[in-house]
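Single-structure report; data block below.
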There are 2 protein chains.
Amino acid sequence: MAGHKLDPIDRQILAELQADGRMTNVELASRVGISAPPCLRRVRALEEAGYIRGYHADIDARELGFEVQVFAMVRLNSQAEADLSAFEARCRAWPLVRECHMLNGEIDFILKCVAPDLSTFQTFLTEELLKADHVANVKTSLVIRCAKDEPGLPFDVLEARLARNA
Amino acid sequence: MAGHKLDPIDRQILAELQADGRMTNVELASRVGISAPPCLRRVRALEEAGYIRGYHADIDARELGFEVQVFAMVRLNSQAEADLSAFEARCRAWPLVRECHMLNGEIDFILKCVAPDLSTFQTFLTEELLKADHVANVKTSLVIRCAKDEPGLPFDVLEARLARNA
DNA sequence: AGGAATGCGCAATAATATTTCAATCCCAAG
DNA sequence: CTTGGGATTGAAATATTATTGCGCATTCCT
């Protein structure tokens, strides 16, 4: 099991920064129960080691004029690695596609897309996605509403698991 | 169209903080071309107004021992609002479910789930999700690999759109 | 024009980040 | 035991940043 080089303080640092990425180091140190300098060193080490990929402001899409969110389920007519990679590269280049996950089962890829309005998305769908190489079939579903969108990981589950294995 | 009370500096602030949520205010101010005090005032205003929902560290799930990510497509046997809401409430209470979106079309909900391993997910699936009220059908797909996972919004698309409408 | 409102930047102060360094803890070898 | 090395800590000092107060410029609306 991974993450074993982390002690409880490290994990708590990750949990706190996941909950509030702009917390000051002084506040963070006080929460995890150590002084500021070692706390900062731990944060830097966690960043270096790749546990922390980055920090991002979470911005309200609708407030900014992105009214439409869509999940697109994509099937290709070839599962050769070269074709899969080529499709992934296309996805990375499309700004409306925010996430692209390769799946097992009948669906090859699921994409999470955003757009300012439906017609923008339709244009993207018909002119770009459906015309991409080896795309056999795309099923799209509009997001009606979002009940939960928690960035990050359930640290309580992780702690429970570590306690059990201890 | 929303977001019209924002000037180009505000939008650039959002874009910068989306890219690096821990940027210092001094750095941010210099990037957007104003001095620190008004820059900070703008950030606070954007937070107050709800454009910025929060800031989060982006943490590598696999490094922490969450080996499994799954998309679950859920259909209910009732689309009464009370039943939909009840299901959403269940999702919010399940830590393994990180996202829950209500969709149009044949699928009612799509869930993004994480788990330390497959058996943990299977237990959740059979003991929790499949036994939840009004759940008619669940199709799950394991994430094989993730080609793109960009938090946030494509500000370049937004700017292009605003330029066109100007 | 005139006056209010908005928003800027400078300067001063408060808070925080970061470096330095000596003391402590832990563990393994003698 | 005890002793030495490595790692980690926290106090103090310094550098950097955040925050407040205030006067000035610009805009906008009479």
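Small disclaimer: the values here were computed from a predicted structure and weren't measured. Letters A, B, ... are given to chains in the order of the sequence lines, protein chains preceding strands, and every chain is numbered from 1.
- Between the CG atom of B:Asn25 and the P atom of D:dT19 there is a distance of 7 Å, given to the nearest Å.
- Between B:Asn77 and B:Ala136 the shortest heavy-atom distance is N-CB, 3.8 Å.
- A:Ser85 and A:Glu81 share a donor-acceptor pair across their side chains, judged by distance under 3.5 Å alone.
- Put simply, CZ on A:Arg22 is 13 Å from P on D:dT17, counting in whole angstrom units.
- In this structure, A:Glu106 places its CD atom where only 12 or fewer heavy-atom neighbours from other residues, nucleotides or ligands lie under 6.0 Å away.
- Using a 30° and 60° split on the angle between ring planes, A:Phe109 and A:Phe87 fall in the tilted class, from 30° to 60°.
- For the pair B:Asp7 CG and D:dT27 P, the computed distance is 14 Å after rounding to whole Å.
- Bounding nucleotides for the chain A contact on DNA chain C, 5' to 3', at a heavy-atom distance below 4.0 Å, are C:dT16 to C:dT19.
- Residue B:Ser35 is classed as a base contact, given a heavy-atom separation below 4.0 Å to a base.
- Between B:Arg145 atom CZ and A:Cys100 atom SG the span is 9.0 Å, to the nearest 0.5 Å.
- Going from atom CE of B:Met23 over to atom P of D:dT16 covers 19 Å, rounded to whole Å.
- Here the nucleotide nearest the side chain of B:Arg41, chosen from D:dT17, D:dT19, D:dG21, is D:dG21.
- Annotation for A:Glu16 and A:Met23: closest pair OE1-CE, 3.8 Å, computed over non-hydrogen atoms.
- Among the heavy atoms of the strands lying under 4.0 Å from A:Arg44 are primed sugar atoms or P, OP1, OP2 only; no base atom is included.
- Where B:Ala36 and A:Pro37 meet DNA chain C, the nucleotide closest to each residue was compared, and B:Ala36 sits on the side nearer the 5' end.
- At the heavy-atom level, A:Arg42 lies under 4.0 Å from the strands shown only through sugar-phosphate atoms.
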